[in-house]
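See below for the structure under consideration.
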Amino acid sequence: MSIFKPSEGTLVVVPSLSLPQDELRRITAARSYEERLLFLLLTLREPGVKVIYLSSAPIDPDIIDYYFAFLPDPDDAAKRLTLISLDDPWSQPLTQTLLSRPDAIEQLRSAIDGDSWLVPFVLSELEEELASLLNVPIYGPATSLAYYGSKSGSREVGHEAGVPMARGFSDVRSVVEIEEAIEALPGERVIVKLNDGYSGLGNAIVSKADRSLISFSAAGETWSSFTTKIRGRGAVVEEFIEHRPLYYPSALAQITPGGEAQVLATHDQVLGGANNHVYQGCTFPAAPEYRAEVGASAARIAEILAGRGVVGLFGMDFFALKADGGYAALLCEINLRIGGTTHPFGAAVLTTGATYDLGTGLLMAGDQPKFYTATDNCASSCLRGRTPGEVMRAAGRMGVGFDAERRTGNVFHLLGAVPEYGKLGFTTIGDSREEADELHALTRRLLCGP
């Protein structure tokens with residue numbers, strides 16, 4: 001079973017951001033990231049599929065209509081979609097609020113019909129409790145396996161899979177252990193990463209010569225607050241890779257409930273933020289110089305995780321650097337959850353009908369390869385105050401919508417962040433790397449300015 005190509009049944013989509021809330025509060029329009037999974041509305045193309053979509057706040061009807069416009073029969077799709085809003089946007093995470101609302105639980109239970117899967121953005125004990133109440137299986141890794149998605153667990157799995165990694169120490173939990181690890185590692189700097197950090201926001205770069213020189217990825221962090229988190233959550237300390245140029249590819253994989261592991265895609269990540277560690281977007285596929293090595297390493301890791309009982313979608317981040325005789329790919333971390341590259345991939349395959357070719361690492365729509373460039377961070381003050389419908393109609397007038405005949409163009413997301421924050425995201429699909437990049441740059445200029 002793949003959530004990208006279901007033939008029948010109900011997808012109960014729970015896009016709750018059940019993550020450490022201290023880092024989450026630093027992301028602009030964080031609650032709107034619940035809309036990342038709206039690409040799953042495109043699965044309603046199949047007449048036997050139903051979708052139930054949960055949200056903290058009502059989703060603008062124009063956003064729903066936007067996704068329906070990709071489908072051959074929007075009216076029929078609308079009959080198979082159930083939207084359930086808690087009308088409580090500031091009470092986070094979504095699943096926690098849902099569990100305190102018997103009325104919403106009953107509404108959700110009554111909407112479930114036949115074979116169903118609960119599709120969480122991230123799986124925590126909250127989602128497991130919800131699935132138990134609903135008696136619905138989860139398309140995601142059990143919390144008992146969450147360690148393998150931590151920074152320390154990633155190193156353990158990477159070692160077992162024989163995948164190269166930066167030198168480092170796992171499960172560090174005290175200042176003394178941090179100091180010992182720093183002294184033992186080579187180089188002038190080290191990186192300290194919280195076990196359960198995400199989007200690079202749990203990282204700190206420390207100078208070995210002067211411990212006061214610390215660069216945090218998260219704004220407002222201090223060494224005192226950071227070490228408190230380490231004591232409670234654990235961390236890894238790794239050598240800081242100074243090699244330049246350095247690239248940041250990733251792999252997206254899935255493990256079916258039957259235990260079949262499959263790499264779905266490789267990407268090059270676009271990073272930003274204080275330490276250039278915060279996810280901003282991606283391009284597909286990863287560069288040909290290291291694409292095959294990243295895919296092969298990801299496949300070995302996926303097989304290890306399948307053997308340990310992991311189910312669902314997950315991502316793996318790598319470093320890629322030029323070495324003697326070619327490029328080397330080093331595992332950075334495993335993210336046992338839906339991530340930043342999931343919705344661009346889903347948007348691309350569900351709008352083009354393309355399938356992933358393991359041999360070439362390309363998405364193929366018949367004989368035509370498809371490429372895409374995606375961002376989560378197109379923001380402009382001129383967008384603030386406008387409605388999602390206004391922005392989409394403007395995109396259509398400017399010729400940066402989606403061409404259904406060529407199966408190229410833009411698929412927009414995070415549209416709910418437009419009115420308050422002037423922020424949106426989009427995935428630009430082209431028939432070549434150049435076409436995707438050029439249209440992406442044009443769209444950004446037209447919507448978000450220079």
Side-chain angles (χ1 to χ4, degrees), residues 23 27 149-151 154-155 157-158 161 163-168 187 189-194 197-205 215-218 236 238-253 263-302 313-323 326-345 348 361 371-377 425 427-428 433 436-437 440:
E23 282 99 16
I27 298 176
S150 71
K151 304 301 183 291
S154 298
R155 293 187 64 84
V157 174
V163 175
M165 290 176 286
R167 287 167 286 191
R189 295 185 289 176
V190 301
I191 184 167
V192 184
K193 301 187 287 188
L194 294 175
Y198 55 91
S199 294
L201 292 171
N203 297 354
I205 299 173
S215 177
F216 297 100
S217 292
V236 299
E238 296 176 342
E239 63 177 318
F240 185 81
I241 300 176
E242 304 282 0
H243 186 100
R244 297 295 182 274
L246 186 63
Y247 305 97
Y248 305 93
S250 68
L252 177 65
V263 175
L264 298 176
T266 64
H267 298 88
D268 275 315
Q269 297 182 92
V270 179
L271 304 178
N275 292 328
N276 200 39
H277 290 167
V278 180
Y279 179 85
Q280 305 286 310
C282 66
T283 60
F284 172 90
E289 290 83 358
Y290 44 78
R291 184 191 308 159
E293 184 173 355
V294 169
S297 294
R300 295 201 300 275
I301 291 169
L313 293 162
F314 59 97
M316 294 154 275
D317 295 342
F318 294 83
F319 299 115
L321 49 91
K322 189 169 176 46
Y327 281 76
L330 309 180
L331 176 66
C332 176
E333 64 188 42
I334 300 169
N335 297 301
L336 279 188
R337 56 176 173 79
I338 286 174
T341 63
T342 308
H343 54 284
F345 174 79
F371 300 77
Y372 57 83
T373 304
T375 181
D376 276 345
N377 288 276
T427 300
T428 311
R433 170 82 280 136
D437 285 343
H440 190 83

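The two atoms that bring L331 and D317 nearest to each other are CD1-O, 3.6 Å, heavy atoms only. The heavy-atom pair separating E293 from Y327 by the smallest distance is OE1-O, 2.7 Å. Residue G295 comes nearest to V263 through the heavy atom pair O-CG2, 3.8 Å, listed as atom of the first residue, atom of the second, then distance.
Of the possible polar contacts, none joining the R189 side chain to the G187 backbone as a donor-acceptor pair under 3.5 Å is found. The backbone N or O of A161 sits less than 3.5 Å from a side-chain atom of R300, completing a donor-acceptor pair. D268 places a side-chain N or O within donor-acceptor distance of the main-chain N or O of A287, the cut-off being under 3.5 Å. When atom types are taken as modelled, the side chain of T342 and the backbone of G339 share a donor-acceptor pair closer than 3.5 angstrom.
Taking CZ of F284 as the reference point, atom OG1 of T341 lies at 10.5 Å (rounded to 0.5 Å). We find the CZ-CD1 distance between F314 and I301 to be 8.0 Å, quoted to the nearest 0.5 Å. With values rounded to the nearest 0.5 angstrom, S250 atom OG is found 13.0 Å from I334 atom CD1. For the atom pair CG of L252 and CG of N335, the computed distance is 11.0 Å after rounding to the nearest 0.5 Å. In this structure, OG in S150 is found 11.5 Å from CG in L194, a value given to the nearest 0.5 Å.
Residues C332 and K193 form a side-chain contact, since some pair of their non-hydrogen atoms from C-beta on lies under 4.5 Å apart. Using a 4.5 Å heavy-atom threshold, the side chains of L321 and L330 count as touching. With a 4.5 Å cut-off on side-chain heavy atoms, V163 and S297 count as touching. Taking the side chain as every heavy atom from C-beta outward, P249 and Y290 approach each other to under 4.5 Å. Side chains of V270 and N377 form no contact here, defined as non-hydrogen atoms less than 4.5 Å apart.
Of the options H343, H440, H267, a ring-ring contact (aromatic ring centres under 6.0 Å, His included) to Y372 is made by H267 and by none of the others.
Considering only residues two or more places apart in sequence or on other chains, R291 meets the salt bridge (charged side-chain N to carboxylate O under 4.0 Å, His left out) condition with none of them. Applying the side chain to side chain donor-acceptor pair (under 3.5 Å) test to R433 and every residue at least two apart in sequence or in another chain returns T373, D437.
Ion pair E238/R155 flagged as a salt bridge, since at least one NZ, NE, NH1 or NH2 atom sits closer than 4.0 Å to an Asp/Glu carboxylate oxygen.
Note on ring orientation: taking the six-membered ring where Trp is involved, the planes of Y248 and F319 are perpendicular (angle over 60°, cut-offs 30° and 60°).
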